[in-house]
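All remarks here apply to the structure that follows.
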Amino acid sequence: MSQATQQPAEAVSPYLPRAAKIVEAKDFTEQEKYFRFEFEDGQGIEYLPGQFMEVSVFGIGEAPISICSSGGKRDDLEMCIRSAGDVTNALHELNVGDTVGLRGPMGNGLDMDAMEGMDLLFVAGGLGLAPCRSFILTALENREKFGRVTILYGSRTPKDLLYAYDLDAWRDRDDCEFLVTVDRGDDDWTGNTGVITTLFRKIDRPDAANTAAFIIGPPVMFKFTVLEALAMGLRKNNIYCSLERRMKCGLGKCGHCQIRNVYVCQDGPIFSYAEVMRLREGI
Amino acid sequence: MLPQILPKDKLADFARFLMGEYRLAAPVAKGHQFAFEFIETPEDVGRIRMDYDITILPPKKFLHPMYEELLRFGGRDPATGEAPIQAEPTVILGAHPYDLHAIATTDAAMRAEPADPYYATKRDATLLIGINIRGYVNDEQFMADMRTTEPPEGGWDLFMTDLGDRYYVEVGSDAGSKLHQAAGMFTQAAGDDHKAKQAFDNEKASNLPKRLPYDTRYLPELMSESYDSLLWDAVARRCFSCGTCTNVCPTCYCFDVQDKLNLDAASGVRRRQWDSCQLHTFAEVAGGENFREHRSSRLRHRMFRKGKFIYEQTGKPGCVGCGRCSVHCVADISILEAYQQIADEAAVSAMEIAAAREESQ
Amino acid sequence: MAKSLDINVHHLTRVEGHGNIVVRASDGKVEKCVLEIVETPRVFESMIEGLRWRDTSLLTCRICGICSVAHTTASILATDEAFGLELSPESLTLRKLLMYAEVLQSHVLHVYFLAAPDAFGAPSVIPLASSHPEVVKRALKLKKLANYTCAVLCGRHVHPISLVPGGFTYVPPKKGLVELKQLYADARADIEATVETISGVLDKFPSFEREREDISLVRDDEYAIYNGELKSSKAGQIDHRDYLEFIKEKCVEHSTSKHVYNVEESFAVGALSRFNNNSAQLNEFGVAAAKALGLEAPCHNPYLNNVAQVVEAAHAYQEAVNCLDELIAADLTEEKLAPNVVPKAGRGVGATEAPRGLLIHDYTYDENGVCTEANCIIPTGMNLGNIDRDMQKYVPEVIEDRSQDQIEHDLEMLVRAYDPCISCSVHLLKVDWV
Amino acid sequence: MAESKPTISFHDFTSCEGCQLQVLNCEDELLDILGAVDIVEFREAIDDKADSYDVAFIEGAFTRESDRKRLETIRSKAGIVVALGACACTGGLNVLKNFRGLEKSMKTVYGDSADWYETSQALPVEAAIKVDYKVHGCPIPRQEFLEVVTSLLAGRTPRIPDHPVCVECKLRENECLYHKSQYCMGPLARAGCDAWCPSYGGRCYACRGLISDPNNQAAFDVLEEFGLTIDDVLTEFRLFNGVYDVSQPPTEARVEKQ
Ligand SMILES: Cc1cc2nc3c(=O)[nH]c(=O)nc-3n(C[C@H](O)[C@H](O)[C@H](O)COP(=O)(O)OP(=O)(O)OC[C@H]3O[C@@H](n4cnc5c(N)ncnc54)[C@H](O)[C@@H]3O)c2cc1C
Ligand code: SF4
Ligand code: SF4
Ligand code: SF4
């Protein structure tokens with residue numbers, strides 16, 4: 001039998017991650033940690049808000065994590081990672097100077113240029129602020145392109161609030177409206193208490209036909225907030241969410257993230273509410 | 001590329017010729033059933049069974065192996081990773097037409113951008129030699145409905161039909177043409193041979209009646225109609241969620257990826273292995289949320305993939321009608337029966353079905 | 001000068017199962033000297049009753065993971081006999097080969113891992129791995145060979161799968177047999193080296209003797225391992241079905257394992273007993289090993305059981321090679337091996353030689369093949385009384401010359417020499433309590 | 001300076017010690033394991049006793065009250081406790097004796113001397129102490145033991161399958177026993193053994209316990225169609241999974257389904 005094996009020179013494995021160094025790391029909460037990465041090959045990366053990376057720790061595995069920095073062509077990227085299992089726990093043990101493997105960007109993301117001239121409503125719940133932040137920062141960096149910008153953010157307790165410095169910055173800006181609420185306050189908390197839908201009462205009614213909403217958070221929150229958005233008259237096609245599914249390959253092959261005939265890793269994770277409705281199993 | 005003749009008593013010689021140039025896989029008996037195995041020794045050649053009814057696992061196991069190394073790493077440092085993408089030149093001898101169709105389907109799925117180089121490399125290094133069927137071998141088959149009784153348009157190299165003392169060999173590619181020339185034991189088919197092949201085809205056609213009450217062009221639509229049917233709950237009552245149906249399915253290709261560590265607990269391999277949408281962990285994420293927690297939703301998902309999604313994605317059949325999933329199901333759950341049942345209850349007018357039936361005849 | 005002794009080895013190490021050595025002596029007089037068995041009773045016999053025939057061996061092989069093949073063999077021999085099943089010559093050869101493989105594996109494990117550290121003066125095999133790596137590697141290689149034999153033939157060594165009443169549920173592939181043959185050929189030198197290694201440490205075995213009664217299986221045509229008649233060095237030969245004539249039992253309070261007696265107050269089984277009763281039938285390789293090790297029958301030094309194990313390992317090796325040749329020539333097929341079992345009411349006795357000695361399973365089935373009565377006699381159980389007697393003779397002999405620590409060490413070594421498989425000794429049989 | 005190696009210990013309770021033998025049967029890996037860890041207690045092979053262990057492997061069932069203390073001591077000294085094998089994970093086939101009536105079992109075996117010896121219901125180790133991970137099987141598959149060791153060394157959760165044996169059985173292309181008119185526990189049993197028994201002509205009797213969502217309804221339907229009576233099914237069930245059995249005594253033996 002012939003022993004020859006073929007190794008096509010052009011075959012590059014889409015599973016091989018690029019090495020990236022942690023250049024900044026911060027504990028946001030007990031469970032959530034913030035990282036900024038730079039690629040070791042110095043090639044940088046270009047991505048759209050809403051896209052994600054497969055973060056790899058050899059020997060443990062991979063986990064899909066949204067990029068939370070603003071979109072475009074950049075040298076670095078940021079993520080906020082919640083320790084939820086093996087890979088994410090292992091990532092939490094890493095610090096500045098350590099390297100991880102990154103594959104991506106993956107997923108569809110959303111080109112915000114297409115929304116030029118529209119009003120933007122961001123609704124983020126919990127860790128959903130991570131992917132949402134990429135949209136928010138992208139919008140704020142290109143502030144002149146958009147109409148009104150409104151940011152609603154809800155978290156369980158004041159201790160769970162992420163990106164404190166961003167929140168302060170957004171609060172201080174006068175070209176956007178920023179409201180935050182917590183489910184349960186503590187002694188020092190003077191802000192809103194209550195679920196995120198209560199914030200809808202506090203904002204001016206948007207120009208419904210001309211508003212794009214980004215609703216990103218846990219499935220339960222999504223259901224209730226979509227209701228609010230629809231009640232305000234927003235169009236199904238203009239309400240966007242990010243779906244979470246189990247993922248292994250990120251290449252539309254392994255089948256884990258499949259919802260009916262879409263692969264979340266390729267066709268998503270950003271879907272309009274119109275699409276989510278069609279998927280039925282979406283939420 | 002004209003059809004060729006291979007005398008039956010030359011089959012062993014042909015197999016030995018193939019073994020000289022390629023890794024050869026062919027059907028052999030496995031207990032009372034059959035399986036594709038590598039033919040490695042002269043003794044193995046004698047075990048080849050071109051008259052097999054159907055194999056337990058389809059030939060996908062050579063192109064999309066049940067365990068496949070994706071990466072090797074020396075430790076946590078991502079710089080230590082490397083990707084061994086390679087393939088040995090291989091011949092799969094004796095694939096039935098429905099399996100050739102299934103390979104065409106996985107070709108389309110795995111080569112869709114972003115293409116999977118592991119699959120593609122193996123596939124490019126593999127020659128397919130088909131063998132014809134005479135009819136159904138069990139009550140669960142419905143290849144005629146799925147239009148997979150003849151080989152697909154392309155994608156195979158040689159296709160053999162058993163004419164008693166000889167094989168009538170159609171040539172499907174340049175590589176196939178080169179192969180039979182190099183083997184040097186084929187002659188060009190003549191008038192009698194063509195006649196005999198025609199007779200074979202006629203008989204075969206009569207052995208392959210349609211088994212569905214509608215044209216499968218309507219299958220995707222019928223599936224959509226049945227999304228909320230109670231049928232899925234009813235069938236799921238018996239389903240063990242054992243994953244047998246997907247493992248034996250020639251068009252199922254879902255997989256899991258896991259890191260395997262060496263004893264230094266640092267170096268190891270990242271490998272993929274077949275996974276099944278029927279297993280309850282398949283759609284479960286960290287924190288315990290399970291997006292297809294109920295057996296019935298998993299079962300429905302499989303049936304939808306087979307009857308609708310894969311077809312919509314690849315334009316090729318998501319189910320080739322081979323019947324493996326139903327034959328091997330411990331609980332006797334039959335996909336053919338499900339396809340029949342959805343027609344009964346779907347909101348498709350009787351006329352539409354009648355029209356479809358007429359068209360398909 | 002150790003006139004008084006208080007030895008209490010709690011949970012003796014490097015043996016299978018739990019036992020304590022307790023010795024008390026004052027003023028040079030031994031008051032107590034016993035091996036206490038503290039393993040939990042597992043009451044296997046009562047668990048067997050009510051099981052269907054095809055489950056009896058899968059339960060009883062779990063009496064002991066170390067001699068799992070022997071237990072399975074005894075069990076299926078009993079079932080074969082009860083149902084009057086015929087075995088094909090190929091199945092017989094396969095069964096024997098499995099037994100030889102187990103003898104090889106168990107003896108190698110015992111000699112190298114459990115006994116050798118004493119001879120090399122190491123606390124365990126782990127430091128040996130660095131001080132004598134070649135020895136440990138050789139042991140692992142031989143052990144693996146024996147294990148792999150079981151893997152090829154019946155799936156695994158611990159609780160074999162396809163070894164069932166009447167035949168085999170799996171046909172070992174020829175490729176596997178041919179591969180095994182090659183591996184055995186490669187291992188011959190390792191067996192020879194084992195003999196050499198042990199002959200180099202013979203002086204480490206205390207020279208102690210106590211005349212004893214040896215009981216084992218015997219056969220006219222071969223060194224009996226797989227089956228045979230019962231022979232006592234003091235009481236002659238009987239049919240295996242009459243085993244109770246030789247093996248009489250009593251409960252003793254210091255042991256969850258019952259003690260047995262025959263002509264004497266105790267008797268011995270195991271490698272040395274087999275050797276003493278059967279040495280004339282050793283094959284050439286075995287004879288050569290015995291010669292190199294200077295072992296001659298009858299030998300009454302229990303410490304030399306380890307040496308007899310090495311002789312048997314060599315013998316078993318050669319027999320295994322012969323079996324393999326036969327099997328490769330035989331062209332195994334399902335027809336030749338598949339069991340064809342029709343249950344019927346009756347009693348069957350399976351007597352075989354586990355690595356540690358004679359092993360008996362005795363079942364009675366009803367007409368549906370459900371077991372109604374069961375009795376198992378386990379080798380270590382039989383040796384326990386003999387171990388006590390050996391200790392009781394040994395301690396007074398050395399009490400004046402050796403320190404308490406030395407005596408403790410000697411006794412541990414003595415117990416280990418018997419290779420007791422305490423876990424399996426602790427589920428004894430049903431006898432008539434009259 | 002070299003970091004000190006993690007310490008590992010082995011402890012045995014009521015069992016056949018076959019699972020510890022399976023550990024020793026990792027012949028190719030044994031020397032590497034010894035290089036990666038310090039085995040500080042392993043009564044079958046070494047003499048040492050230690051004060052604490054990073055990982056303690058416990059073999060055997062918990063079958064007498066007096067063992068509780070020993071188990072608790074091990075728990076208090078160990079960082080991670082791993083149950084090794086069916087006896088430790090589910091009580092294994094020792095549980096069978098619970099169904100025979102304890103007193104009767106002891107009488108059968110020891111006659112009038114029965115009360116010299118202490119025994120009680122056979123239970124999983126979990127019934128006495130918290131167990132962190134389980135290596136299932138009777139005997140344990142070597143590859144799973146190695147997976148657990150390497151995973152714990154690397155600080156990750158060992159990948160122990162929670163799907164039916166049929167998955168592996170099909171990957172090995174075995175003829176399904178149901179096709180040969182024999183029955184098999186494979187559809188309910190936890191995989192990870194590479195369908196060991198069916199691959200060698202045996203049936204699976206679920207020595208690795210049940211998966212976490214067995215379809216009992218299906219099992220009942222299918223086995224009944226297969227001509228089995230409820231007694232047959234229970235007998236089959238109790239061989240290795242008596243501990244899950246809800247239809248009969250012993251009540252003590254029922255532990256939470258994992
Ligand atoms: C598009 C997308 C974006 C995400 N963005 C973020 C983010 O910005 N920050 C963050 O903390 N988390 C995010 N997650 C969730 C995160 O991927 C999971 O928490 C993570 O995969 C858990 O992996 P683990 O190995 O730590 O957990 P384990 O429970 O040990 O998981 C084992 C394996 O299962 C799979 N898996 C388990 N949970 C998930 C899941 N939720 N999604 C996909 N695969 C899963 C992975 O392959 C994982 O390696 C995102 C998930 C998706 C799909
Ligand atoms: S083979 Fe049958 S029982 Fe198993 S998952 Fe498929 S449909 Fe369910
Ligand atoms: S033999 Fe048993 S494990 Fe294998 S597929 Fe059949 S039911 Fe499943
Ligand atoms: S097949 Fe079943 S019984 Fe056999 S080892 Fe596997 S889990 Fe245990």
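Everything numeric in this text was worked out from a predicted model, so none of it was measured.
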Can a side-chain donor-acceptor contact be found between B:Arg270 and A:Ser56 if the only test is distance below 3.5 angstrom? yes

As a quick check of understanding, evaluate salt bridge (charged side-chain N to carboxylate O under 4.0 Å, His left out) for B:Asp116 and A:Lys253, giving each step before the final call. CA-CA 8 Å; B:Asp116 185 290; A:Lys253 313 282 187 227; over 6 Å; no

Does the pair B:Asp228 and A:Arg280 meet the rule for a salt bridge (charged side-chain N to carboxylate O under 4.0 Å, His left out), with working shown? CA-CA 11 Å; B:Asp228 294 308; A:Arg280 307 262 323 251; 2.7 Å; yes

So CG of B:Asp275 and CZ of A:Arg246: to nearest 0.5 Å the spacing works out to 7.5 Å

Does [X], at its [atom1] atom, have more than 12 non-hydrogen atoms belonging to other residues, nucleotides or ligands within less than 6.0 Å?
X        : atom1 : value
A:Asp75  : CG    : no
B:Phe62  : CZ    : yes
B:Lys316 : NZ    : no
A:Phe224 : CZ    : no

Donor-acceptor pair, distance only, cut-off 3.5 Å: does the side chain of A:His256 make one with the backbone of B:Phe255? yes

B:Pro117 to A:Val12 - nearest heavy-atom pair and separation: CG-O, 3.7 Å

Which portion of [X] sits near chain A, non-hydrogen atoms under 4.5 angstrom:
X        : result
B:Ser276 : neither
B:Ala265 : neither
B:Tyr119 : neither
B:Gln258 : neither

Residue, of [options], that accumulates the most heavy atom pairs under 4.5 Å with chain A:
options                               : value
B:Tyr118, B:Phe282, B:Phe304          : B:Phe282
B:Ala112, B:Gly287, B:Ala283          : B:Ala112
B:Leu71, B:Val257, B:Leu261, B:Asp256 : B:Leu71
B:Glu312, B:Arg272, B:His301          : B:His301

Within 45° cone of B:Phe291 ring axis and under 6.0 Å: A:Arg245 NZ or CZ: yes

Max heavy-atom pairs within cutoff under 4.5 Å with chain B, candidates A:Gly255, A:Gly59, A:Gly101, goes to A:Gly59

With chain B, which of A:Cys254, A:Gly85, A:Cys249, A:Ala63 has the greatest number of heavy-atom pairs at distances under 4.5 Å? A:Cys254

Taking a cut-off of under 4.5 angstrom between non-hydrogen atoms, the residues of residues 257-268 of chain A near chain B are A:Gln258, A:Arg260, A:Asn261, A:Tyr263, A:Gln266

Which residues, numbered in order, of residues 17-29 of chain A come under 4.5 angstrom of chain B by heavy-atom distance? A:Pro17, A:Ala19

B:Thr80 vs A:Phe58, test: side chain to side chain contact (heavy atoms under 4.5 Å, CB included). Steps then yes/no. CA-CA 9 Å; B:Thr80 64; A:Phe58 281 151; 4.0 Å; yes

Part of A:Val57 lying under 4.5 Å from any heavy atom of chain B: both

Is it the backbone or the side chain of A:Ile60 that comes under 4.5 Å from a heavy atom of chain B, or both, or neither? both

